[in-house]
Amino acid sequence: MIRLAPLSEVPTNDEETHPSSSSSSWRNWLKTHFSLIFITKKSDLRILLSVLGCPLFPVSSNPKIPISQVSSSAEYIIEHFTAASGCRKIQGVVKNMYVSGKVSMAIVDASSPASTISQKGCFVLWQMVPNKWLIELVVAAHKVVAGSDGNVAWRHTPWLGSHAAKGTIRPLRRALQGLDPLAVAAVFSAAEYIGEKNILGIDSFVLKLSANHPDLTERSDNTAEMIKHVVFGYFSQRSGLLVYVEDSYLTRIQSPGSPPTYWETTMGTKVEDYRPVEGVMIAHSGCSSVIITRFGDNLKSGPAITRMEETYTIDDVAFNVPGLSIDSFIPPQGLIKGYPEENLDWRSPID
């Protein structure tokens, strides 16, 4: 049984193949992550699917933050959100959830916006309490599948096969974009209130969550160090609903004998078009924008910046789908949670 390497949320190029040996894996890793300073049109689709397809949320569904750090303001904001979304109605009643929708993704050419080509697709998402989810995303005939059985999160792509995620089990970011109000309330219930801000013309309260040091360490290795992963939730002062999610992470990458390179990725998502589904307010559309910045002494021309965008719409939402069982969330055969150091052939700067 082959041990599978950690899940990668970083772009990959067209020449990348599933590793067959330790030496070829290492060469492919170096070629992938350092040649991406110059991203080509040929690799656009894989870059989009790697970054925008199915990223994980920065923190687990049950963030362990001392209650002393939770302000009364944060508690009020979450209470307002739960009341506005109506999610308390389904707490303990809904055991699973189904969502289907459409997406449109593009790498934005800042110098020539008119030449930007969008890739269209669709997705289906299933969730089951607790911590089980599965998403299938198809864009331009490329299919990406990711899931969690409550013990291990994983992703499968046509060009890399199946890979497991390092660190604690985290929810799918897409579900926290207004699709799962119960998860939003649970995650941000331990957040820090940092003030007010007008975002996209909406006066909002801002809550902040950060991945803790032990989790960042668990998601790092001796080649790629996860320095930070932080998320901000913007809740409308008027409606109480989540209207914007922004998270950023910084990774330090250094191969033997080479200077370090830093990758900073910031993703912001506008969440809108809330509609009632069985009395619960579910966001039915949104738009995400991503900026990836790579910098370091080895980039002589200065920082390299890549911009991406995604728009999405939700077609259908259903609760308590008959016939959905835990068997639907079984990971691909061969996935193993533990990764002995000597078997980590395929390194990734972003898990």
Side-chain angles (χ1 to χ4, degrees), residues 7-16 18 32 36 39-57 97-109 113-127 133-148 153-163 165 171-180 245 247 265 267-273 275 277 282-292 306-318 321 324 328-329 332 350:
L7 174 71
S8 171
E9 293 176 13
V10 78
T12 55
N13 65 17
D14 270 336
E15 297 181 0
E16 183 179 8
H18 192 68
T32 298
L36 275 172
I39 293 177
T40 64
K41 291 293 182 183
K42 190 178 181 181
S43 63
D44 278 6
L45 183 56
R46 292 186 181 181
I47 296 166
L48 289 167
L49 292 176
S50 295
V51 177
L52 283 168
C54 42
L56 301 182
F57 204 65
M97 180 181 185
Y98 161 84
V99 179
S100 64
K102 298 182 179 67
V103 298
S104 178
M105 302 177 178
I107 289 183
V108 180
D109 187 343
S115 64
T116 299
I117 300 176
S118 296
Q119 304 285 355
K120 300 185 183 302
C122 59
F123 71 91
V124 177
L125 168 65
W126 292 269
Q127 289 197 155
W133 50 265
L134 180 72
I135 184 171
E136 297 182 1
L137 173 73
V138 178
V139 176
H142 281 67
K143 182 178 180 180
V144 176
V145 183
S148 167
W154 55 273
R155 183 179 68 183
H156 178 91
T157 65
W159 53 91
L160 283 180
S162 298
H163 292 254
L172 190 67
R173 188 188 191 277
R174 194 175 293 276
L176 273 295
Q177 295 169 191
L179 295 181
D180 187 348
V245 181
D247 66 284
T265 302
M267 181 183 297
T269 302
K270 180 182 180 182
V271 180
E272 56 188 351
D273 192 16
R275 304 179 200 169
V277 177
I282 304 293
H284 278 67
S285 68
C287 179
S288 297
S289 59
V290 179
I291 298 178
I292 300 177
T306 303
R307 303 177 190 273
M308 309 179 199
E309 289 184 352
E310 177 197 80
T311 58
Y312 65 91
T313 56
I314 303 304
D315 298 324
D316 192 21
V317 179
V321 179
L324 190 65
S328 304
F329 304 92
I350 302 174

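The side-chain heavy atoms of Leu172 and Leu125, taken from C-beta on, include a pair separated by under 4.5 Å. For the pair His142/Gln119, no side-chain contact is recorded, criterion being any heavy-atom separation below 4.5 Å from C-beta on. Met105 has its side chain within reach of Leu137: a pair of non-hydrogen atoms, C-beta onward, lies under 4.5 Å apart. No side-chain heavy atom of Tyr312 sits under 4.5 Å from any side-chain heavy atom of Leu52. Between Trp126 and Leu324, the closest side-chain pair of non-hydrogen atoms falls below 4.5 Å.
Considering every non-hydrogen atom in both Leu56 and Ala165, the closest pair reads CD1-CB, 4.1 Å. The two residues Ser148 and Trp154 make their nearest non-hydrogen contact at N-NE1, 4.0 Å. The shortest heavy-atom contact between Leu176 and Val245 is O-CG2, 4.1 Å. Between Leu134 and Ser328 the shortest heavy-atom distance is CD2-O, 3.6 Å. Taking both residues in full, the closest heavy atoms of Cys122 and Val103 are given as N-CG2, 4.2 Å, listed atom of the first, atom of the second, then distance. Heavy atoms only, all atoms of each residue included: Ala153 and Trp133 are closest at CB-CZ2, 4.4 Å.
Of the inter-residue distances, the one linking Ser50 atom OG with Leu45 atom CG reads 9.0 Å to the nearest 0.5 angstrom. The NE2 atom of His284 sits 9.5 Å away from atom OG1 of Thr313, with the distance rounded to the nearest 0.5 Å. Between the CD atom in Gln127 and the CG atom in Leu179 there is a gap of 8.0 Å [rounded to 0.5 Å]. Atom CZ in Arg174 sits 14.0 Å away from atom CG in Asp180 (nearest 0.5 Å). Considering CD of Glu309 and SG of Cys287, their distance stands at 5.5 Å, rounded to 0.5 Å. Taking CZ from Phe123 and CG from Asp315, the interatomic distance works out to 8.0 Å, rounded to the nearest 0.5 Å.
For Lys143, the side-chain contact (heavy atoms from CB on, under 4.5 Å) partners are Glu136, Val138, Val145, not counting sequence neighbours. With sequence neighbours excluded, the residues forming a side-chain contact (heavy atoms from CB on, under 4.5 Å) with Ala283 are Val271, Tyr274, listed by chain and number. Residues satisfying the side-chain contact (heavy atoms from CB on, under 4.5 Å) test with Thr157, not counting sequence neighbours, are Val144, Arg155, Trp159, Leu160.
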